[in-house]
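For reference, the structure discussed in these notes is given below.
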There are 2 protein chains.
Amino acid sequence: MHCGEMGSRWGFNRTVGQMYGLMIINEEPLTAVDIAETLNISRGNVSMGIKELQSWRLISVTHKPKDRKEYYAPAGSIWDMAIRVFEERRKREVDPTLSLLRDNLLDEPSTEQETYAHKQLLEIHDLLETVTEWAGELQTMNPENLTTLMKLGSGVSKVLDIKDKLLANNS
Amino acid sequence: MHCGEMGSRWGFNRTVGQMYGLMIINEEPLTAVDIAETLNISRGNVSMGIKELQSWRLISVTHKPKDRKEYYAPAGSIWDMAIRVFEERRKREVDPTLSLLRDNLLDEPSTEQETYAHKQLLEIHDLLETVTEWAGELQTMNPENLTTLMKLGSGVSKVLDIKDKLLANNS
DNA sequence: GTATAGTTTCACTAATTACTGAAACTTCAG
DNA sequence: CTGAAGTTTCAGTAATTAGTGAAACTATAC
């Protein structure tokens, strides 16, 4: 069961990773007590972990009839999970960076030193913006197209060439 | 100068982020002492930070004639920087996850429970592998093509349709 | 060689982050 | 309304991670 530890590399802490790993591996939804006992962690810690996973929109809660317990399970498919982790990390890492950069770009540079700094910040800002916009668009594409695109790999360049030729012919 | 703090979100700790921010903002290369004084951190801490940044392949060291000091500056363009952070994070986060998954997939499942777990792990593994392979291929593409691709955004699906039609015609 | 100007290391301390468990809270059946 | 079965909160503690600074180390000029 220790394999859940790999989650520790993915933006949440060790126990939260283990908790989620456990849910993924188990076909049946689990109760908070199941989790606490399997992982040998305190009940309170599980509660906090659940909250964290919910903030990542990674789990769904169900109830069994005649039972007051809450049952937790991963929300959606593995693919959904990846999208969400990706999205949330963008929100937590990239977006704050972007707004910090924007704030700084508002100040007009007065010295030469500042002009250079300004230029550099602008470059970072634009790069980050392009990349995240693009990533956002990829996410809205349907999964099949995305898979095609990925299978294509570096063949993408060839397709782009084809496109250019088509446009040239049409004009 | 506190704006360098945003680096704290990007995989290294606060001071290392500040150090790198400082180098990006300054046109001229800096010495270890410059950095320590500007950021009010100890000389030893700077040395460790330099080491860390070097392990990310993010800085280059130069020497001035008649001067024994080492001068540090960001290695390469902003674009290079992004590629490197991306690549290094893949190495540190994704690759270990993949090899952990592979290890686990070697064990043949014996119970039904394990069969399910096995299936889930396989799915995660395949997804991660596809995505990282693709990301790797994107990196080898020349920047212009990449920009075209990004500008295209979700229009990519249209190009793929065109490609499919072309292939259909050729057959 | 040796004095000097620099860098690196590392044991120690500080700061941050994660975990525990008991108490407070919620919900619902009877 | 009561209490049983559950969840959440949070103050305190443990564990981890980051930072310091003095001592050890290196390289070079003379």
Side-chain angles (χ1 to χ4, degrees), chain A residues 1-2 4-23 28-56 59-73 89 92-93 96, chain B residues 1-2 4-23 28-56 59-73 89 92-93 96:
Chain A
M1 283 302 180
H2 67 181
E5 283 194 28
M6 67 193 170
S8 60
R9 293 180 211 271
W10 271 99
F12 11 75
N13 67 36
R14 191 167 43 81
T15 38
V16 174
Q18 287 178 326
M19 286 172 54
Y20 197 54
L22 202 61
M23 290 183 207
E28 298 302 321
L30 299 167
T31 66
V33 180
D34 291 338
I35 297 171
E37 284 179 357
T38 314
L39 300 177
N40 277 310
I41 57 179
S42 75
R43 191 60 197 69
N45 198 1
V46 172
S47 175
M48 284 167 151
I50 296 283
K51 240 171 75 183
E52 166 112 23
L53 286 170
Q54 275 168 338
S55 85
W56 287 76
I59 52 176
S60 64
V61 187
T62 52
H63 287 269
K64 283 195 185 170
K66 290 273 172 200
D67 188 346
R68 209 147 63 210
K69 282 202 275 301
E70 306 205 310
Y71 287 79
Y72 305 101
R89 280 185 87 160
R92 289 157 203 234
E93 300 181 344
Chain B
M1 285 300 179
H2 66 181
E5 286 194 25
M6 68 195 168
S8 59
R9 294 179 211 270
W10 271 99
F12 12 74
N13 67 36
R14 191 166 43 81
T15 38
V16 174
Q18 287 178 327
M19 287 172 53
Y20 198 53
L22 200 61
M23 291 183 207
E28 298 303 320
L30 300 166
T31 66
V33 181
D34 291 338
I35 298 171
E37 283 178 358
T38 315
L39 300 177
N40 276 309
I41 56 180
S42 74
R43 191 60 199 68
N45 198 2
V46 172
S47 174
M48 285 167 152
I50 296 283
K51 243 172 72 184
E52 167 112 23
L53 286 170
Q54 275 168 337
S55 85
W56 287 75
I59 52 177
S60 64
V61 186
T62 53
H63 286 270
K64 284 195 185 170
K66 290 272 174 197
D67 188 346
R68 210 147 64 212
K69 282 203 273 303
E70 306 206 310
Y71 287 80
Y72 305 103
R89 279 186 88 159
R92 289 157 203 233
E93 300 181 343

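Throughout, a chain's letter reflects where its sequence line sits, starting with A, and its residues are numbered from 1. The figures that follow rest on heavy atoms only: side chains count, while hydrogens, waters and symmetry mates do not.
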- Task: Would you confirm whether D34(A), through its side chain, and T31(A), through its main-chain N or O, come within 3.5 Å as a donor-acceptor pair?
- Result: yes

- Note on the structure: The answer to which of K51(B) and V16(A) contacts DNA chain C further toward the 5' end, by nearest nucleotide, is K51(B)

- Message: Tell me the interatomic distance from Y72(A), atom OH, to dG6(D), atom P, rounded to whole angstroms.
- Response: 12 Å

- Query: Please give, in whole Å, the distance from dT7(C) C1' to I59(B) CD1?
  - Reply: 13 Å

- Item | Value in whole Å for how far the P atom of dT26(C) lies from NE2 of H63(A) | 16 Å

- Rounded interatomic separation in angstrom, taking CG from L30(A) and C1' from dG6(D): 17 Å

- Integer-rounded Å distance: dG6(D) C1' and D34(A) CG: 14 Å

- Note on the structure: Closest heavy-atom pair, V16(A) versus G49(A), reported as atoms and distance to 0.1 Å, is CG2-CA, 3.9 Å

- Distance in angstrom units between F12(B) CZ and dG19(D) P, rounded: 13 Å

- Item | OP1 or OP2 of dA15(C) under 4.0 Å from side-chain N/O of N13(B) | no

- Message: Tell me the interatomic distance from Y71(B), atom OH, to dG6(C), atom C1', rounded to whole angstroms.
- Response: 11 Å

- Base, sugar-phosphate, or nothing: which does I41(A) touch, judged by heavy atoms less than 4.0 Å apart? sugar-phosphate

- Message: So, OP1 or OP2 of dC19(C): does either fall under 4.0 Å of a side-chain N or O from R14(A)?
- Response: yes

- Task: Take atom CD1 of I50(A) and atom P of dA18(C), then tell me their distance rounded to the nearest Å.
- Result: 17 Å

- Message: Would you say T31(B) places a side-chain N or O within less than 4.0 Å of OP1 or OP2 belonging to dG6(C)?
- Response: no

What does the list of N/O pairs under 3.5 Å between the protein and nucleotides 21-29 of chain D look like, with a distance for each?
none

- Query: Got a second to check how far L53(A)'s CG is from F12(A)'s CZ, nearest 0.5 Å?
  - Reply: 6.5 Å

- Message: Which heavy atom of L22(A) sits nearest to which heavy atom of I35(A), and what is that distance?
- Response: CD2-CA, 4.1 Å

- Message: As a quick check of understanding, evaluate side chain to side chain donor-acceptor pair (under 3.5 Å) for E70(A) and Y72(A), giving each step before the final call.
- Response: CA-CA 7 Å; E70(A) 306 205 310; Y72(A) 305 101; 2.9 Å; yes

- Item | Side-chain (H63(B)) to main-chain (K69(B)) donor-acceptor, under 3.5 angstrom | yes

- Item | Lys/Arg cation over aromatic W56(A): R89(A), 6.0 Å, 45° cone | no

- Task: Ignoring backbone atoms, establish whether S47(B) has a side-chain N or O less than 4.0 Å from OP1 or OP2 of dT7(C).
- Result: no

